[in-house]
**Q** 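Mind having a look at this structure? Questions to follow.
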Amino acid sequence: MANITIGFAIALIILGAAGYAGTAAHSPTALIPALFGAVLLALGAMARNPSRRKLAMHIAVAVGVLGFAGSLRGLMKLPALIAGEAVERPAAVIAQSVMAVLTGVFVALCVKSFIDARRTRPAAGV
């Protein structure tokens, strides 16, 4: 999961940089996905150390959940944007939607990994 975390981190950093460049550097809030990506990148690197993996991945999934919750509002506005309705800050709606999908998939993969790890862990004295 460490490498998957790093992959999602890079995707979020690219999303934030593209969003910032796409707004002609007028909207610093477009860098929010990049901030989440930077945190996930650090946690992914930390998770490569077996003694720190469990802690790093639990913090990473918490960061993923926060990113998903924070970007969900944009995802809710996406159908209106696709239908051609006027929405405030369409670039933000698109970026938030992409971030919601990325972080949602990341959280789902983390949960699956946690479940798989729990199933394969030997029973400890039970």
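Side-chain atoms are counted along with the backbone in the values below, which use heavy atoms only and exclude waters and symmetry mates. Computed from a predicted model, the values in this text were never measured in an experiment.
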**Q** Using the test side chain to side chain contact (heavy atoms under 4.5 Å, CB included), find all partners of Val63 that sit at least two apart in sequence or belong to another chain.
**A** Phe36, Val39, Leu40, Leu43, Ile59

**Q** Going by side-chain heavy atoms closer than 4.5 Å, which hydrophobic residues are tied to Leu31, directly or by a chain of links?
**A** Tyr20

**Q** Taking Gln96 for the side chain and Ser71 for the main chain, is one N or O donor matched with an acceptor at less than 3.5 Å?
**A** no

**Q** Specify the closest pair of heavy atoms between Gly44 and Ala2, including all atoms of both residues, with the distance to one decimal.
**A** O-CB, 3.5 Å

**Q** Considering only residues two or more places apart or on different chains, which pairs with a residue in residues 64-85 satisfy salt bridge (Lys or Arg N to Asp or Glu O under 4.0 Å)?
**A** none

**Q** If the condition is side chain to side chain contact (heavy atoms under 4.5 Å, CB included), which residues does Val65 pass it with, not counting sequence neighbours?
**A** Val107

**Q** Consider only side-chain heavy atoms of I, L, V, M, F, W and Y, link residues closer than 4.5 Å, and tell whether Leu72 and Ile82 are in one cluster.
**A** yes

**Q** Would you mind listing every salt bridge (Lys or Arg N to Asp or Glu O under 4.0 Å) that reaches into residues 96-117, with sequence neighbours excluded?
**A** Lys112-Asp116

**Q** Closest heavy-atom contact between Thr23 and Ala30?
**A** OG1-CB, 4.5 Å

**Q** Can you tell which of Leu12, Val93, Leu15 makes a side-chain contact (heavy atoms from CB on, under 4.5 Å) with Val98?
**A** Leu15

**Q** Can you give me the closest heavy-atom contact between Cys110 and Val61, atom names plus distance?
**A** CB-CG2, 3.6 Å

**Q** Is there a continuous path of hydrophobic side-chain contacts, each under 4.5 Å between heavy atoms, that joins Ile94 to Val87?
**A** yes

**Q** Hey, does the side chain of Ser97 reach the backbone of Leu78 with a donor-acceptor pair shorter than 3.5 angstrom?
**A** no

**Q** Spell out, as yes or no, whether a donor-acceptor pair under 3.5 Å connects the side chain of Thr103 to the backbone of Met99.
**A** yes

**Q** Once you round to the nearest 0.5 Å, how far does CD1 of Ile4 lie from CG of Leu109?
**A** 6.0 Å

**Q** Output every pair passing ring-ring contact (aromatic ring centres under 6.0 Å, His included) with a member in residues 60-117, not counting sequence neighbours, ordered by first then second residue.
**A** Phe8-Phe106, His58-Phe114

**Q** Identify, with sequence neighbours excluded, every residue that meets side-chain hydrogen bond (donor to acceptor under 3.5 Å, both in side chains) alongside Ser51.
**A** Asn49

**Q** Taking only residues two or more places apart in sequence, or in another chain, which ones meet Ser113 in a side chain to side chain contact (heavy atoms under 4.5 Å, CB included)?
**A** Met1

**Q** Taking only residues two or more places apart in sequence or in another chain, which ones pass side chain to side chain contact (heavy atoms under 4.5 Å, CB included) with Pro79?
**A** none

**Q** Test: side chain to side chain donor-acceptor pair (under 3.5 Å). Region: residues 3-18. Which pairs qualify, not counting sequence neighbours?
**A** Asn3-Arg48

**Q** Would you say Arg52 has more than 12 foreign heavy atoms packed within less than 6.0 Å of its CZ?
**A** no

**Q** Considering non-hydrogen atoms only, spot the tightest contact between Ala11 and Leu102 and give its length.
**A** CB-CD1, 4.1 Å

**Q** State plainly whether one hydrophobic cluster holds both Leu66 and Leu35, where clusters connect Ile, Leu, Val, Met, Phe, Trp and Tyr through side-chain heavy atoms under 4.5 angstrom apart.
**A** no

